[in-house]
Amino acid sequence: MRMPFLSTAALSLLLATGTPAQAQAARYQLDPDHITIGFLVDHIGYAKVLGMFRAARGSYRFDEASATLSEVRIEVESASVFTNQRKRDDHLKGPDFLNSGEFPRMVFTASGAKRTGERTFEIAGQLELLGKSLPLTLQATWNKSAESPMGGPLSKPYTMGVSARGSFKRSAYGMNYAVANGWVGDEVPLIIEFEAVRQ
């Protein structure tokens with residue numbers, strides 16, 4: 001069967017540019033002033049310690065029309081860990097935990113996401129930590145996308161807000177300090193909140 005001219009042209013355009021969703025995906029840069037990457041770790045069963053990383057950056061592509069996510073990369077400076085107690089923070093930066101001198105960054109990457117609801121997604125990616133790269137799945141909510149009222153009179157950046165949650169076992173990365181005696185929890189729940197600006 002002979003293919004009509006217009007269909008042939010459309011097919012050629014598709015092959016040249018990828019899918020329509022990919023062609024429309026905009027690049028977003030995480031706003032360093034509006035990123036929270038927190039965690040909770042159990043302490044001898046008494047209570048959990050709330051910590052955070054104070055330096056992170058990243059970007060991704062998102063097609064708002066089709067809700068298609070791609071090219072996710074988030075880098076976290078491991079030496080920026082903060083738990084509001086200097087002695088504990090120094091210990092966390094050391095070889096027993098994050099070993100920031102040898103491994104200055106943790107990196108999460110993902111090539112896409114599965115849409116699970118109107119504004120919810122399951123992002124299956126990889127977390128690189130202490131030289132190991134292992135699967136990590138985040139449950140994310142697309143909170144809002146709109147021009148930010150925080151911009152100046154000539155610039156109102158188009159901003160996307162996201163909340164994400166996930167968890168991993170630190171022992172899987174060889175971070176075994178005080179796991180065996182239960183003094184420091186193995187499971188590390190993550191609390192991620194950020195705003196990202198469309199480029």
Side-chain angles (χ1 to χ4, degrees), residues 28-60 62 69 72-110 113 120-144 148 150 157 159-179 182-197:
Y28 286 79
Q29 193 84 31
L30 269 62
D31 178 353
D33 294 332
H34 296 93
I35 301 175
T36 299
I37 298 180
F39 60 87
L40 284 165
V41 176
D42 186 77
H43 181 237
I44 324 180
Y46 291 118
K48 291 179 171 59
V49 172
L50 174 62
M52 64 182 298
F53 294 94
R54 296 193 287 188
R57 57 185 173 273
S59 64
Y60 58 88
F62 187 67
L69 179 72
V72 180
R73 183 179 178 86
I74 299 175
E75 297 184 4
V76 178
E77 301 293 335
S78 58
S80 71
V81 66
F82 174 78
T83 63
N84 203 28
Q85 211 263 7
R86 180 176 296 178
K87 185 178 179 180
R88 180 171 55 222
D89 291 349
D90 288 342
H91 192 191
L92 289 173
K93 296 172 191 175
D96 286 337
F97 291 96
L98 295 165
N99 199 4
S100 300
E102 187 172 348
F103 301 100
R105 279 180 292 278
M106 299 183 293
V107 182
F108 176 75
T109 55
T120 56
F121 300 82
E122 184 176 280
I123 307 172
Q126 294 285 126
L127 177 64
E128 182 182 328
L129 170 63
L130 296 175
K132 290 186 177 181
S133 183
L134 297 172
L136 172 65
T137 298
L138 299 177
Q139 304 298 329
T141 300
W142 173 19
N143 298 320
K144 179 180 179 179
S148 173
M150 303 300 290
T159 301
M160 179 175 175
V162 175
S163 302
R165 302 291 184 269
S167 68
F168 65 91
K169 288 187 181 295
R170 59 188 181 90
S171 61
Y173 293 88
M175 192 189 300
N176 296 310
Y177 181 85
V179 169
W183 282 25
V184 181
D186 189 14
E187 190 79 21
V188 183
L190 296 171
I191 305 161
I192 302 169
E193 301 281 334
F194 67 81
E195 297 175 19
V197 177

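All values below were derived from every heavy atom in this structure, side-chain atoms included, with hydrogens, water molecules and symmetry-related copies excluded.
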> After noting the C-alpha distance and the side-chain angles of Gln139 and Thr120, does the key distance pass the side chain to side chain contact (heavy atoms under 4.5 Å, CB included) rule?
CA-CA 7 Å; Gln139 304 298 329; Thr120 56; over 6 Å; no

> Is there side-chain contact between Leu190 and Leu136, with heavy atoms separated by less than 4.5 Å?
yes

> Rounded to the nearest 0.5 Å, what's the gap from CZ on Arg57 to CZ on Arg105? Could you check?
6.0 Å

> If the threshold is 4.0 Å, N to carboxylate O, is there a salt bridge linking Glu187 and Arg170?
no

> Between Gly166 and Leu138, what is the shortest heavy-atom contact and its length?
CA-CD2, 4.0 Å

> Side chains of Leu134 and Phe168: closer than 4.5 Å at any heavy-atom pair?
no

> Tell me if a side-chain donor or acceptor on Thr141 pairs with a main-chain N or O of Asn143 at a distance below 3.5 Å.
no

> Please examine the side chains of Met175 and Leu129, heavy atoms only from C-beta on, and report whether any two atoms are closer than 4.5 Å.
yes

> Minimum heavy-atom separation for Ala124 to Ala110, with atom names?
O-CB, 3.9 Å

> Walk me through whether Leu92 and Thr83 qualify under side chain to side chain contact (heavy atoms under 4.5 Å, CB included).
CA-CA 9 Å; Leu92 289 173; Thr83 63; 3.6 Å; yes

> So which atom in Leu130 and which in Phe103 form the shortest heavy-atom distance, rounded to 0.1 Å?
C-CE2, 3.6 Å

> Once rounded to the nearest 0.5 Å, what's the spacing between atom CG of Asp33 and atom CE of Met150?
10.0 Å

> Mind checking whether Leu50 and Phe39 have side chains closer than 4.5 Å, heavy atoms only?
no

> Below 4.5 Å, heavy atoms only, C-beta onward: do Val184 and Phe97 meet side chain to side chain?
yes

> Mind checking whether Asp42 and Val49 have side chains closer than 4.5 Å, heavy atoms only?
no

> In Å and rounded to the nearest 0.5 Å, what is the CD1 to CD1 distance from Ile192 to Ile35?
10.5 Å

> Given 3.5 Å as the limit, does a donor-acceptor pair link the side chain of Asn99 with the main chain of Gly94, or not?
no

> Using a 3.5 Å distance criterion without hydrogens, assess whether the side chain of Ser59 forms a donor-acceptor pair with backbone atoms of Gln29.
no

> Please name all residues satisfying salt bridge (Lys or Arg N to Asp or Glu O under 4.0 Å) with Arg165, sequence neighbours left out, ordered by chain then number.
Glu193

> How far apart are the closest heavy atoms of Val76 and Ile37, and which atoms are they?
CG2-CD1, 3.6 Å

> Begin from the C-alpha positions of Thr159 and Glu195 and carry the test side chain to side chain donor-acceptor pair (under 3.5 Å) through to its verdict.
CA-CA 6 Å; Thr159 301; Glu195 297 175 19; 5.4 Å; no

> Tell me whether Ser78 contacts the main-chain N or O of Pro104 through its side chain, where contact means a donor paired with an acceptor under 3.5 Å.
yes

> Carefully, step by step, assess Glu77 and Phe53 under the rule side chain to side chain contact (heavy atoms under 4.5 Å, CB included).
CA-CA 7 Å; Glu77 301 293 335; Phe53 294 94; over 6 Å; no

> Can you find a pair of side-chain heavy atoms, one from Tyr173 and one from Leu98, that are under 4.5 Å apart?
no

> Which heavy atom in Ala55 sits nearest to a heavy atom in Ser80, and how many Å separate them?
N-OG, 3.1 Å

> Tell me, with the steps shown, if Val107 and Leu127 meet side chain to side chain contact (heavy atoms under 4.5 Å, CB included).
CA-CA 6 Å; Val107 182; Leu127 177 64; over 6 Å; no

> Is any side-chain heavy atom of Tyr60 less than 4.5 Å from a side-chain heavy atom of Thr109?
no

> Nearest 0.5 Å please: distance from the CD1 atom of Ile74 over to the CG atom of Leu30.
5.5 Å

> If you round to the nearest 0.5 Å, how far is CG of Asn176 from OG of Ser171?
6.0 Å

> How close do Asn84 and Asp89 get, counting heavy atoms only, and between which atoms?
N-OD2, 4.0 Å

> Measure from the ring center of Trp183 to the ring center of Tyr177 and say whether it is less than 6.0 Å.
no

